[in-house]
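Beneath this line is the structure, given in structure tokens, with notes to follow.
On a predicted model such as this, the values are computed, not experimentally measured, just so you know. The sequence lines fix the lettering, A, B, ..., with proteins before strands; numbering per chain opens at 1.
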Amino acid sequence: ALAEKFANIFKKLRSKGKLSEQEVDAVLKDLRMVLLESDVHYKVVKDLVARVRERAVGKEVLESVTPGEMIIKIMWDEIRKILGGEARDLHISSALPSFVVLVGLQGSGKTTTCGKLGAFLKERGFFPLLVSTDTRRPAAKEQLRILAQGSKLEFFDLPQGKTPLEVVRAARNFAREKGLDVVLVDTAGRLHVEEDLLQELKELVTQETLQEVLLVLDATTGQEAVKVAETFRECVNPTGMILTKVDTDARGGAVLSIVAQTGWPVKFVGVGEKVTQLEVFRPDRMASRIMG
Amino acid sequence: LWSRKEVKEEEWEELEAMLIQADIGPSMAVELVEEFRRLRETSKSGGDWQNWLYEKLLTFLKNSETRLFPNASLENLRVILLSGINGVGKTTTAGKIAHLLKEKGERVVLVGADTFRAAASEQLEVWAQRANCRYFRGSAGADPGAVVFDSINSARNNGDSVVIVDTAGRSHVNKNLLAELEKVVKVTKKLVEPPQLESLLVIDALTGQNAFSQVESIARVADLTGIILTKWDSQAKGGIIFRVVREFGLPVKYVGVGEGIEDLVPFEPEEFVRAIVY
Ligand SMILES: Nc1nc2c(ncn2[C@@H]2O[C@H](COP(=O)(O)OP(=O)(O)OP(=O)(O)O)[C@@H](O)[C@H]2O)c(=O)[nH]1
Ligand SMILES: Nc1nc2c(ncn2[C@@H]2O[C@H](COP(=O)(O)OP(=O)(O)OP(=O)(O)O)[C@@H](O)[C@H]2O)c(=O)[nH]1
Ligand SMILES: [Mg+2]
Ligand SMILES: [Mg+2]
């Protein structure tokens with residue numbers, strides 16, 4: 001775990017007392033390796049280490065008796081800053097109905113998360129509608145329908161609907177008729193290099209008013225995560241992220257990278273396959289997870 | 001550029017950055033750059049750095065057994081078992097392999113041992129229809145080990161030649177799910193001899209260093225014989241493969257390059273390395 005690795009790094013320094021600049025650099029080199037091994041993006045690590053170094057070569061650290069601990073505390077601090085202060089909520093406005101659209105790469109957990117969000121909102125007094133726009137993946141609609149049934153949620157499908165835009169428009173009318181206040185839209189997975197599929201999403205977000213467009217990202221994603229985020233930003237400008245499979249012990253370095261590069265808030269984290277395993281994102285909890 | 005006398009520090013950093021961004025991993029990236037630096041100091045020859053890197057990375061991957069069932073008897077039943085964490089592409093890959101083997105004249109049966117996830121059996125059933133092969137389904141909530149047991153006996157009775165087992169996605173840190181997979185493998189080994197079993201771990205090319213711990217945990221319980229790397233069409237380099245091959249000696253047998261039934265190709269080390277280096 002990261003905290004252990006960080007602890008080992010400054011254990012080496014315990015006996016040293018004051019640090020020279022070279023020794024600070026040696027510690028930072030180790031910290032850098034640890035972050036890279038947690039899949040934090042190369043450029044993000046570079047900036048982060050530079051900022052830490054700036055603070056670490058100050059008199060205050062170099063003259064401290066526990067310089068190693070101070071450096072780690074500074075690293076902690078900079079990581080927390082990146083992840084953001086408090087938990088951010090969903091923008092379920094007074095618009096009736098409010099729309100939350102889930103987008104992302106294949107297999108990232110969109111359909112499952114759609115089901116989880118439905119249950120989450122129902123528990124908080126909302127009347128959600130789960131909508132599938134995935135006409136590509138075998139049994140995708142059936143998967144969402146089963147999840148809806150499992151949590152006694154309303155489900156909408158437009159069998160003849162070919163594009164997400166058509167389905168969302170019909171879903172809006174359906175939600176209004178039924179007095180449902182939040183529409184959760186599941187979309188088909190798509191790669192950040194599949195231009196026509198990105199265009200399909202772009203059409204949806206530019207032609208419909210959507211309160212939230214959330215990028216659902218697998219916590220095990222490696223260095224490609226930043227490229228994925230930038231492409232989705234150009235195309236659909238997400239309002240936030242949901243990080244899934246955090247339970248697979250992935251250290252969420254991808255999250256740190258994407259938040260650092262995009263400034264997007266992480267709204268929720270998926271911590272398992274069950275419908276109840278969705279948590280509101282807490283920056284300090286994720287920081288301690290990244291740090292070990 | 002790299003054959004001149006002085007190489008700037010930034011250029012070494014650029015090489016390291018390129019390797020890290022291919023998901024090769026920081027320690028291996030540092031190792032490779034240091035080796036290259038030492039070589040340059042000792043040998044006065046210039047040489048093209050890309051060529052050196054290409055050859056070096058290729059050495060990790062040669063002597064890899066990339067064929068399916070290299071030692072199996074073709075007259076007896078063979079089993080392919082697919083495992084991996086959630087969402088990597090197991091079910092889709094099972095369909096693709098079924099199609100591939102049917103085209104080769106095999107009598108294939110696709111087995112749905114994912115009795116847990118919503119619409120898992122419906123999803124695999126569509127693939128069986130697309131691959132035009134028999135589908136053996138486990139009832140919802142049934143024990144996967146029991147499903148595999150029954151499916152292999154059914155395959156023997158039916159005269160099938162290959163059984164392809166799709167298992168449920170699982171977190172590689174969940175002890176119960178690892179135990180479940182271990183049981184499925186044990187059941188299979190009771191019914192077929194080792195050369196008749198191909199136990200393949202499916203890994204998503206977009207995965208970072210976490211892939212290494214996936215292999216580590218699942219290798220302990222699933223007697224892995226190989227790896228399938230999916231979503232390589234994402235243009236993610238899949239550099240974690242080098243660490244995996246070096247540490248576990250597991251060959252990559254196939255690569256998924258899309259969502260269609262034909263989008264599965266045999267692993268080609270040259271093409272894989274070329275995509276990273278050039
Ligand atoms: N362990 C774990 N598994 C998850 C989590 N969220 C989703 N999954 C699993 O990940 C797999 C993929 O989930 P899906 O919901 O089908 O993913 P998707 O993004 O809709 O996939 P496509 O529609 O094909 O793009 C399923 O096995 C889910 O149960 C999570 O937080 N933790
Ligand atoms: N682009 C691309 N997508 C792929 C590839 N292989 C699978 N997919 C997609 O990835 C998503 C997940 O595939 P599944 O086959 O359901 O994955 P799985 O491992 O069976 O998922 P679980 O059973 O839920 O753990 C689907 O949308 C597939 O179409 C590939 O090689 N390239
Ligand atoms: Mg889906
Ligand atoms: Mg599956």
Side-chain angles (χ1 to χ4, degrees), chain A residues 29 32-43 45-46 105-112 115 136-147 149-150 188-194 218-228 244-245 247-251 253-254 270-273 275, chain B residues 13 16-27 29-30 85-92 95 116-127 129-130 168-174 177 204-214 217 230-231 233-240 258-259:
Chain A
K29 194 156 176 261
R32 175 180 173 269
M33 287 300 277
V34 167
L35 289 169
L36 288 172
E37 272 164 26
S38 307
D39 290 322
V40 184
H41 190 266
Y42 187 84
K43 292 203 180 79
V45 174
K46 201 166 185 221
L105 302 171
Q106 288 88 346
S108 61
K110 298 174 292 301
T111 305
T112 308
R136 272 190 296 281
R137 170 170 156 158
K141 293 185 175 183
E142 189 57 18
Q143 186 186 358
L144 190 62
R145 183 197 314 271
I146 291 174
L147 292 174
Q149 275 174 356
R190 64 206 67 218
L191 296 175
H192 55 306
V193 298
E194 294 181 292
D218 189 327
T220 65
T221 313
Q223 296 284 312
E224 205 71 2
V226 165
K227 214 181 284 170
V228 171
T244 59
K245 307 179 204 172
D247 52 304
T248 60
D249 198 36
R251 294 196 197 124
V271 293
E273 294 188 72
V275 78
Chain B
E13 276 191 26
E16 191 193 65
M18 168 215 177
L19 292 172
I20 289 177
Q21 286 175 48
D23 281 316
I24 279 180
S27 4
V30 164
I85 70 162
N86 307 80
V88 293
K90 299 174 293 298
T91 304
T92 307
F116 166 75
R117 208 208 67 210
S121 40
E122 288 84 338
Q123 183 188 5
L124 188 63
E125 187 162 24
V126 172
W127 283 107
Q129 288 162 358
R130 288 177 177 180
R170 68 201 64 234
S171 159
H172 62 294
V173 303
N174 182 316
L177 295 183
D204 186 329
L206 287 146
T207 310
Q209 300 309 302
N210 185 270
F212 190 77
S213 61
Q214 289 171 28
S217 308
T230 59
K231 307 180 199 170
D233 49 315
S234 65
Q235 296 179 13
K237 302 295 187 280
I240 27 102
E259 301 190 73

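At a 4.5 Å heavy-atom cutoff, B:F212 makes no contact with chain A through either its backbone or its side chain. For B:E13, the parts lying under 4.5 angstrom from a heavy atom of chain A are both the backbone and the side chain. The contact between A:L36 and chain B is made by backbone and side chain atoms together, counting heavy-atom distances below 4.5 Å. For A:L144, no part lies under 4.5 angstrom from a heavy atom of chain B. For a residue to count as touching a neighbouring chain, one of its non-hydrogen atoms must lie under 4.5 Å from one of that chain's; by this rule A:R145 does not touch chain B. B:V88 does not touch chain A: none of its heavy atoms, backbone or side chain, sits under 4.5 Å away. Contacts between B:N174 and chain A at a heavy-atom distance below 4.5 Å are absent for every atom of the residue. Residue contact with chain A, scored on non-hydrogen atoms closer than 4.5 Å, involves the side chain of B:L177 exclusively. Only the side chain of B:I85 has a heavy atom closer than 4.5 Å to any heavy atom of chain A.
Comparing B:A119, B:G87, B:P26, B:A118 by how many heavy-atom pairs each has under 4.5 Å with chain A, the most go to B:P26. Ranked by heavy-atom pairs under 4.5 Å with chain A, the first of B:Q214, B:Q21, B:E122 is B:Q21. Most heavy-atom pairs under 4.5 Å with chain B: of the set A:G109, A:A139, A:G107, A:P138, this distinction falls to A:P138.
Formation of a donor-acceptor pair under 3.5 Å by the A:D247 side chain with backbone atoms of B:S171 is not found in this model. Judged purely by atom type and a 3.5 angstrom limit, B:D23 has no side-chain atom pairing as donor or acceptor with the backbone of A:G222.
Between atom OG of residue B:S234 and atom CZ of residue A:R190 there is a gap of 15.5 Å, rounded to the nearest 0.5 Å. Distance check, rounded to the nearest 0.5 Å: OG1 of A:T248 to CG of B:N86 gives 8.0 Å. From B:D204, atom CG reaches atom OG1 of A:T221 across 7.5 Å, with rounding to the nearest 0.5 Å. Atom-to-atom distance recorded for A:Q223:CD and B:Q209:CD is 8.0 Å, nearest 0.5 angstrom.
Inter-residue side-chain proximity for B:D233 and A:V193 is flagged as unmet; no heavy-atom pair is nearer than 4.5 Å. In this structure, the side chains of A:M33 and B:S27 come closer than 4.5 Å at one or more pairs of heavy atoms. At least one side-chain heavy atom of A:R137 sits less than 4.5 Å from a side-chain heavy atom of B:Q123. Two residues are said to be in side-chain contact when any heavy atoms from C-beta on lie closer than 4.5 Å; A:Q143 and B:R117 meet this criterion.
The ring pair (Phe, Tyr, Trp, His ring centres under 6.0 Å) test applied to A:Y42 returns no partner, not counting sequence neighbours. Residues forming a side chain to side chain contact (heavy atoms under 4.5 Å, CB included) with B:E259 (at least two apart in sequence, or on another chain): A:Q106, A:E194.
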Q.
Let's go through B:L206 and A:L105 carefully: what are the C-alpha distance in whole Å and the side-chain angles of both, what is the deciding distance for side-chain contact (heavy atoms from CB on, under 4.5 Å) to 0.1 Å, and is it a yes or a no?
A. CA-CA 10 Å; B:L206 287 146; A:L105 302 171; 3.9 Å; yes
